[in-house]
Structures are given as C-alpha cells and as structure tokens.
S.K.: 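One structure, as structure tokens, below. Some questions next.
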Amino acid sequence: PTTLELRGDVGGQSNARRAAIFAMADLAERHPAVAAEATVRLRALPERYAPPDNQGLSDARLQALYRVTHESELLKPFYDRLKSDSPRERENGLIAFRYLKLKEAPPEVLAMLQDPDDGVRQWAALVFGEIGDVKAAPPVDDRAAPARAPAPLSARDALTAPAARLPAC
C-alpha cells in the first residue's frame, strides 16, 4: 500500500518499505541496544532496486545506515550528486541530506546556496534550515547578502525566531 509521507518526499507518495527502513533507524537511535541488529538488517537490504526506484529505496538504505553507524563513506553518493552538471541531480543530492538528521551543515550544502540554479538554491536553504546549524548562520547571511532588496530576517533570526515572527510564505 501507498501512504502519504510528508517527511520522506515533500508531501508526495511513498511506500511502506521506505517508511520501514527509516523506522529501523529511528528505533536504533532511540534504543542503542538494537543498533547492531538494525545495522545488520539494513545492510542486508538490496543496494540497488530495479528502475524506476521511485521511492528512493537505495537512498533510504544509505541514509538509515548513516543515521545508525555515522560511517562517512555512506554519504559519498550524495556529495557526488552535489557536483553534477544537472540541476535536478544537485537537487536530489540536497534532498538526500534532509534524512540524515545532521547537527551541523556540511560546507558542501552551504556552498549550494550560491548555485546558479534557483531550485538548487531553494533546496539548499530548506535543507540548511532543517539542519538548524545556528553556527553556520553568519556565513549564510554573508552568502545570502541581497543583490536586490534586503531580506526581512537574517539566517540566524530565521533559525532562532519564534514561528510567529517569521514572514508568511
């Protein structure tokens, strides 16, 4: 069955397998005693799924494994996408960072705020905001320096302001 997955793919449709993969990571994060078993089960999942892998199951496997093990080599495919010539591929790379539950924004994600493509910059800003790395706000303020009109809030304000102070979208 297909279920609405707001966290997994920005309000699109996602399947139960994707949700189950992330549930294993959630369980391992909450209960470290099961982390080893969750790692074994996640590694046992297929590395590749038959095209089209519309639910991003290969990515979900890597994202969940990273959340449990914090093995940096698991992130290589996502960093590689950020270097692609295709704006859509760079967007997909940024989107992948949403599910890693990072505490600090990687410099490569911050660099995407200067991408020539509007969509890539928008995804970079969204991912940066979801990571919530307040220490990275000054560089974001500098990179987001207005070419036109000044922004109503700085990046630091946007990360720390109560929702009532934020402008409506």
Side-chain angles (χ1 to χ4, degrees), residues 2-15 17-19 21-22 25-26 48-67 70 72-169:
T2 301
T3 57
L4 184 64
E5 174 73 54
L6 294 175
R7 177 179 98 170
D9 59 357
V10 193
Q13 297 295 309
S14 183
N15 69 19
R17 286 191 292 176
R18 183 174 173 82
I21 290 170
F22 284 116
D26 291 342
R48 300 259 186 257
Y49 288 83
D53 179 9
N54 294 331
Q55 288 82 35
L57 297 175
S58 298
D59 283 358
R61 176 185 174 274
L62 291 176
Q63 292 157 334
L65 269 170
Y66 176 80
R67 286 176 43 194
H70 298 283
S72 58
E73 62 271 6
L74 294 168
L75 303 180
K76 184 178 181 330
F78 308 132
Y79 283 115
D80 289 347
R81 288 182 200 161
L82 298 180
K83 300 172 191 169
S84 172
D85 291 335
S86 163
R88 181 71 179 132
E89 191 68 16
R90 292 193 306 276
E91 285 178 14
N92 287 337
L94 284 165
I95 292 167
F97 281 90
R98 296 183 72 203
Y99 309 106
L100 300 173
K101 293 193 176 182
L102 299 173
K103 305 269 189 274
E104 295 179 3
E108 294 85 351
V109 170
L110 293 174
M112 294 284 97
L113 290 166
Q114 297 299 312
D115 194 271
D117 183 79
D118 288 341
V120 172
R121 288 193 309 274
Q122 290 170 355
W123 275 109
L126 176 78
V127 171
F128 170 74
E130 288 179 343
I131 293 171
D133 183 358
V134 177
K135 293 181 297 197
V140 173
D141 282 344
D142 294 344
R143 291 178 186 174
R148 300 172 208 101
L153 291 175
S154 70
R156 182 179 299 280
D157 292 338
L159 289 171
T160 60
R165 285 190 39 218
L166 297 175
C169 295

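As the structure is a prediction and not an experimental result, all values here were calculated from the model.
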S.K.: Can you label the angle between the Tyr99 ring and the Phe22 ring as parallel, tilted or perpendicular, going by 30° and 60°?
M.R.: tilted
S.K.: With a 4.0 Å cut-off on N to O distance, would you call Asp26 and Arg67 a salt bridge?
M.R.: yes
S.K.: Kindly write out the residues that satisfy side-chain contact (heavy atoms from CB on, under 4.5 Å) with Pro77, not counting sequence neighbours, or none if the list is empty.
M.R.: Leu62
S.K.: Glu89: what forms a side-chain contact (heavy atoms from CB on, under 4.5 Å) with it, not counting sequence neighbours?
M.R.: Arg81, Ser84, Ser86, Asn92
S.K.: Are any of the side-chain heavy atoms of Phe78 and Val109 separated by less than 4.5 Å?
M.R.: no
S.K.: Check whether any side-chain heavy atom of Glu104 lies under 4.5 Å from a side-chain heavy atom of Ile131, and answer yes or no.
M.R.: no
S.K.: Does Gln63 reach the main-chain N or O of Ala96 with its side chain, forming a donor-acceptor pair under 3.5 Å?
M.R.: yes
S.K.: With a 4.5 Å cut-off on side-chain heavy atoms, are Phe128 and Met112 touching?
M.R.: no
S.K.: Salt-bridge test for Asp115 and Arg90: reply yes if a basic N is under 4.0 Å from a carboxylate O, no otherwise.
M.R.: yes
S.K.: Is any side-chain heavy atom of Ile95 closer than 4.5 Å to one of Val127?
M.R.: no
S.K.: Does Arg98 pair with Asp59 as a salt bridge, N-O distance under 4.0 Å?
M.R.: no
S.K.: Who passes side-chain contact (heavy atoms from CB on, under 4.5 Å) against Asp80, sequence neighbours left out?
M.R.: Lys76, Lys83
S.K.: Tell me, with the steps shown, if Arg121 and Leu113 meet side chain to side chain contact (heavy atoms under 4.5 Å, CB included).
M.R.: CA-CA 5 Å; Arg121 288 193 309 274; Leu113 290 166; 5.6 Å; no
S.K.: Do you know which two heavy atoms are closest between Val120 and Pro87, and how far apart they sit?
M.R.: CG2-O, 3.5 Å
